[in-house]
Each structure stands twice: as structure tokens, then as C-alpha cells.
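Read through the structure below, which is laid out as C-alpha cells, and then see the notes.
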Protein chains: 2
Amino acid sequence: MTDIPRFAPITRRTIAQEIHDRLADSITGGDFRPGSQLPSERALCQEFAVARTSVREAIQGLVAEGLVERRGNRTHVVERLPGIDISGEDIRKETVRQLFEVRRVIEISVFELAACRATDTQRSEITELAGLFEPPMAIAEFRALDRRFHWAIAQACGNALLSELYGKVLDSLFGSEAFESLLYAEHNQAEVDLIVAGASEDHRRIARAMAEGDPVAVSEAVVGHLSDVEGRMLGHLE
Amino acid sequence: MTDIPRFAPITRRTIAQEIHDRLADSITGGDFRPGSQLPSERALCQEFAVARTSVREAIQGLVAEGLVERRGNRTHVVERLPGIDISGEDIRKETVRQLFEVRRVIEISVFELAACRATDTQRSEITELAGLFEPPMAIAEFRALDRRFHWAIAQACGNALLSELYGKVLDSLFGSEAFESLLYAEHNQAEVDLIVAGASEDHRRIARAMAEGDPVAVSEAVVGHLSDVEGRMLGHLE
DNA sequence: TCTGTTGGTCCGGTGGTCAGACCATAACCG
DNA sequence: CGGTTATGGTCTGACCACCGGACCAACAGA
């Protein structure tokens, strides 16, 4: 009997396609206000670390699909996205809401498993990382530490596939332009400071429960943490 | 103030790197018995749908890392994988065990959300798909339908990010060579027939609860389903 | 009106990939 | 044991994607 095919064919994706999709997701995800100017080709070159020809091809696709348009010698997001009739603001909040829903589904289990399975070394690392949160903190510094903290716990859950999936949630959380633009908006600064302070306290609480190997306490701390941060972000930021 | 960088740099990956990683994962994941012959370069060309030069480069990397070795004019998995001292059989079962753990974390929530949020059209589709399970069924046919059934539910959960993540779990579930090799092993046929019959019944039960919009019943059915299939796969297959 | 920025076009070069051909050697089969 | 088949090794020419850069026309802003 012939061998079972074990592997799916390789799929190929050009750099322009990847850039196109990321820009399209960003636009439809509410990161750009309708009518606003897109970053220039040269600026996007730098951010994506690619040649201008790749960025050009991606943007040409966006023009063809009606997501952006040329105005003079500038590229702007169209005033009305095809097929979408809620505002960028609402899209952004829905994106964040869904992200928290996913976190509730996965993060609680990951943290509970880590509480049970982490090695002593991992518990020490988690405790040490929690101790580094010292408000007030610059947003960028806070987020970098926040990610390290969550990833350390992810690695302690003892399930490679679950760690990988949670890593993708963290990629969404820390790579989300919708999330970032809420945090960095000038008029949200005072509220963001409160979020940072609350989250820092929550992280220490989680780390203590983790160090004690108490999954129930960890679960309660995570539930409270998610509820608090989500409530503040959706209720108080714009 | 300068714009916040919104996008991470593009990463580049060659076809040979992708093939290398997939082969390495397959080998360390227990899909090839130690000492067994790897599929030929030409066979892998066909499966991956790439040129021989790409497959060659990937395999040369595996040789360099000590995962495979040349014996005469054949390529074989090494008898002892570097850094691994449990058998492929145990690795395979651990892979499957972790996969079920991830399913319990995510699938129950996805199904519960779908029970609450599915449209009438989606409920009808789910019911129809469940009705297509008619044991006895060929494994390949069963798995294709199984995947459609789970994906239909995933799309009904009302959270794009969660659907995407669950899609990756399904990719692992239906793309896992560890899983496939347990199912297709000749000596497991009778037990697999029992798994197919039990799963078909469970799917109908889930679809009924889904049609009734009963998340509690859906949750119970899913928990039972996962427990049953996992128990059979880990306890009775080899 | 002038300057700077942006999009448009073009160029030559590099790396990755492709399909194919051919050969030497080992494995397999009668 | 000999013949056939299969496999890995090497090589070739072609094509594509991508790169970095240069230059220009037109627009936006001061």
C-alpha cells in the first residue's frame, strides 16, 4: 500500500501580499480614521523593513479594492469603507472587546495550568518580573514588561501547543494597532496611568498566587484583572 | 510628535526553511520510527509541491543537526534523536494528549458561544453536517466531514480572533501526523471504527443542543465527546 | 513663490526557486 | 550473481521576487 501523504503542499506568499493584508486589517480594524492620510511609502518601507517596490505593490492593491485612494500626491483612507457601516471608533472597541473575550477563554486556563506545573525557577522568574512593575511607568516600558510577564507564564503551562496559541493572543494583544491607539491617545493619559497602576498591583497578586502554587487564587486574580482592565479600556478610553 | 510605529518588520522565510521545520517537527513529534527511512526527495517534492533543490537544502540541514543520516543511498531518521530520550510512541501520545488538553480549554468555550450566537442559518448548517455522519465511514471521509463540522461551529462563535485560534487547533488536529499515524495504523482499525461510531453519535447530540440554543447541554456534550475520544485514542490505540 | 514631500518610473544586481538532465552508487528482485 | 530500479549528488539555464538607488513631476505647506 502506498504511503499516506504526510505533508500539505507549501504555500507561497509574497512580501507585497503580506503587507497588503496587514494594511487592510489595520484599516478595516479601525486604526485609521476615515479620510486620514496613510503613512507615506517611504515611512512604511522603514516600518516593514522592505523595499519601496513591495510597499507600492501592496498599496496599489488597496487602491484597487477601494480601501484607500490617491488625493493629489498623497494616499488617504477612503471616507466610507466598502461593506462597513460602523465607525472606526466602534470597530476599534469591538476588536478590543473580542480580544478580552479570547483572553478570558485561554488566559485563565493557561495561568491555572502554570500555577500547577511551573518549576521553581519559573516561579522565581515570574515573581521577579512582577516586582519590576513600578508605576508610574512609560507606556512602552510597561507593555514590554507586561509581555515578558505573560510570556513567562505561558511557557510554564506545560503544553507547547497551548503556549503557542497563547503566544498568538499575546501577539494580537501587543501588536494590536487598535489597542495601541487607545493607549497612546493624548486625551487618555490620565486613565492609562490608572490602568498601569491597577495592572501592576494585579500582576503582583497573580505572581504571589503563582508562587504559592494556588490555581484557585490565580484564577480569581486573573478574572479580576481582566475584568478591571477591560472595564477601564472600553468604558473610559476613546 | 512623531508617528508611533504601527507595524512590525516583515520576516522572511525561504521554502527550504519551512520544509526543514516541518520535517524536524514531524521527526521530533514521533511520526517516524527511529531508524526508519525518510520519504525520498522526489516523494517529498510531490507532497510539498516544490522543486528538489528546496527539499535537498532542507534535508541537508536536518543531516547537519543530527536528526537524519545518510545510509548508502537512502536517508534515515537517526536511531537516537539528540536531546530526546523517550520513544516516538510516547512522544506521539504526549502530542495527542496535549492536543486534547488544548481542545478542552478552547473548544468548550467556542461551542458554548456558538450555542448562544449562531444564526438560524448556521444552526441549520451544523445540524445538516451532523446528519452526514453515517458509520461505518472511511477514515479520510470521516475526518474531512469532522473538520467541516467543527469549522462550521467555529465560524458561529461570533469572535473572529477566537475562530482564528480555534482554526489553528483544527489545523493541528487534522494536520497532525502523530494523530493520523495512530488512526491509520492497520492494527488499530477495529478501535477506530468504534471511535468513528461514537463520535458520530456525539456530533448529533452536540448539533441538537446547538439547534436548541442550549449552551449547558452543548458544554456537557462536548466534555463527554472529548473525554470519550481521548480515552479511546490514548488507551486503546498504538 | 519656493521648498520639501510624495507618488511614479526605471535600472541593474542578488538570491531563491524552478524544471530538467545526467551520473554514480546502493538496494532490491528474480 | 546479474540486471533493474531507486536514490542522492551535481549541474545548467531560466524566471521571479526583491532590493537599493536614482531621477522626475506634481502637490502640499509655509
Side-chain angles (χ1 to χ4, degrees), chain A residues 1-3 5-23 27 32-33 35-79, chain B residues 1-3 5-24 27 32-33 35-78:
Chain A
M1 136 200 195
T2 65
D3 282 336
R6 294 172 180 277
F7 302 103
I10 292 287
T11 59
R12 292 154 179 80
R13 213 161 133 72
T14 66
I15 285 183
Q17 282 176 316
E18 173 71 22
I19 294 171
H20 167 278
D21 291 351
R22 284 165 75 179
L23 287 171
I27 291 166
F32 295 95
R33 215 170 289 115
S36 66
Q37 185 185 332
L38 215 61
S40 72
E41 288 179 4
R42 290 172 177 85
L44 291 172
C45 277
Q46 289 197 301
E47 289 194 46
F48 287 117
V50 299
R52 254 190 83 207
T53 42
S54 302
V55 172
R56 279 188 60 73
E57 184 177 331
I59 295 182
Q60 270 161 349
L62 295 173
V63 172
E65 287 148 32
L67 293 178
V68 303
E69 63 192 359
R70 313 293 202 180
R71 289 187 200 162
N73 65 346
R74 300 281 196 269
T75 308
H76 288 253
V77 178
V78 297
E79 294 286 354
Chain B
M1 142 197 190
T2 66
D3 283 336
R6 296 173 179 276
F7 302 103
I10 292 288
T11 59
R12 293 155 178 81
R13 216 161 130 71
T14 67
I15 285 182
Q17 283 176 315
E18 174 71 22
I19 294 171
H20 168 278
D21 291 350
R22 284 165 75 177
L23 288 171
I27 291 166
F32 295 95
R33 211 170 292 114
S36 66
Q37 185 186 333
L38 215 60
S40 72
E41 288 180 5
R42 289 171 177 86
L44 291 171
C45 277
Q46 288 197 302
E47 288 194 47
F48 287 119
V50 299
R52 253 188 86 207
T53 42
S54 302
V55 172
R56 280 188 62 70
E57 184 177 331
I59 296 182
Q60 270 162 348
L62 295 173
V63 171
E65 286 149 32
L67 293 178
V68 303
E69 63 192 358
R70 313 292 201 182
R71 288 189 200 162
N73 68 347
R74 300 278 195 268
T75 308
H76 288 253
V77 177
V78 297

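In what follows, chains are A, B, ... by sequence order, proteins preceding strands, each numbered from 1.
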Q: Look at all strands and tell whether A/T53 reaches a base, only sugar-phosphate, or nothing, counting heavy atoms closer than 4.0 Å.
A: base
Q) What distance separates B/L62 CG from B/I19 CD1, expressed to the nearest 0.5 Å? A) 10.5 Å
Q.
Which nucleotide wins on minimum distance to the side chain of B/I15, given the candidates D/dA28, D/dT10, C/dT17?
A. C/dT17
Q: Using heavy atoms to find the nearest nucleotide of DNA chain D for A/G72 and A/T14 separately, return the residue whose nucleotide is more 5′.
A: A/T14
Q: Using the side chain to side chain contact (heavy atoms under 4.5 Å, CB included) rule, take B/I10 and A/R22 through it: C-alpha gap first, then chi angles, then the decisive distance, then the call.
A: CA-CA 10 Å; B/I10 292 288; A/R22 284 165 75 179; 3.3 Å; yes
Q. Is any side-chain nitrogen or oxygen of A/T75 closer than 4.0 Å to OP1 or OP2 of C/dG7?
A. yes
Q. Rounded to the nearest 0.5 Å, what separation is found between the CD atom of A/E69 and the CG atom of A/L38?
A. 11.5 Å
Q | Proximity to the side chain of B/V50 - top-ranked nucleotide from C/dT17, C/dC18, C/dG7 | A | C/dC18
Q.
How many whole angstroms separate atom CD of A/E69 from atom P of C/dT6?
A. 18 Å
Q. A/E41 side chain: which of C/dG7, D/dG8, D/dA17 is closest?
A. C/dG7
Q: Take atom CZ of B/R52 and atom C1' of D/dC11, then tell me their distance rounded to the nearest Å.
A: 11 Å
**Q.** B/I59 versus B/T75, closest heavy-atom pair with distance
**A.** CG2-CG2, 4.2 Å
Q | Interatomic spacing from CZ in B/R70 to CD in B/Q60 - rounded to 0.5 Å | A | 6.0 Å
Q.
Rounded to whole Å, please give me the gap between CZ in A/R71 and C1' in C/dT5.
A. 17 Å
(Q) Rounded to the nearest 0.5 Å, what separates atom CZ in A/R12 from atom CD in A/Q17? (A) 12.0 Å
Q) Atom OG1 of B/T11 and atom CD of A/E18: how far apart are they, to the nearest 0.5 Å? A) 7.0 Å
Q. Does any N or O donor sit under 3.5 Å from an N or O acceptor when you compare the side chain of B/R42 with the base of D/dG8?
A. yes
Q) What's the closest nucleotide to the B/N73 side chain, out of C/dC18, C/dG8, D/dG8? A) D/dG8
**Q.** Overall bend - the helix from C/dT1-D/dA30 to C/dG30-D/dC1, comparing terminal axes fitted on five pairs, nearest 10 degrees
**A.** 40°
Q. Hey, does the side chain of B/S54 come within less than 4.0 Å of C/dC18's phosphate (OP1/OP2), counting only N and O?
A. yes
Q: Give a yes/no answer on whether the side chain of A/R56 brings an N or O atom under 4.0 Å of OP1 or OP2 in C/dG8.
A: yes
Q. Roughly, in whole Å, what's the span from CD in A/E57 to C1' in D/dA17?
A. 9 Å
Q.
In this structure, how many angstroms lie between the C1' atom of D/dC18 and the CZ atom of A/F48, rounded?
A. 16 Å
Q: To the nearest 0.5 angstrom, please state how far the CG atom of B/L67 sits from the NE2 atom of B/H20.
A: 6.5 Å
Q.
From CZ of B/R70 over to C1' of C/dA26, roughly how many Å is that when rounded to an integer?
A. 14 Å
(Q) What is the distance, to the nearest angstrom, from the CZ atom on B/R74 to the P atom on D/dA6? (A) 9 Å
Q) Could you give the CZ-to-C1' distance, from B/R13 to C/dT17, as a whole number of Å? A) 16 Å
Q. Taking N and O atoms by type only, does the side chain of A/R12 place a donor or acceptor under 3.5 Å from a partner on the base of C/dG16?
A. no
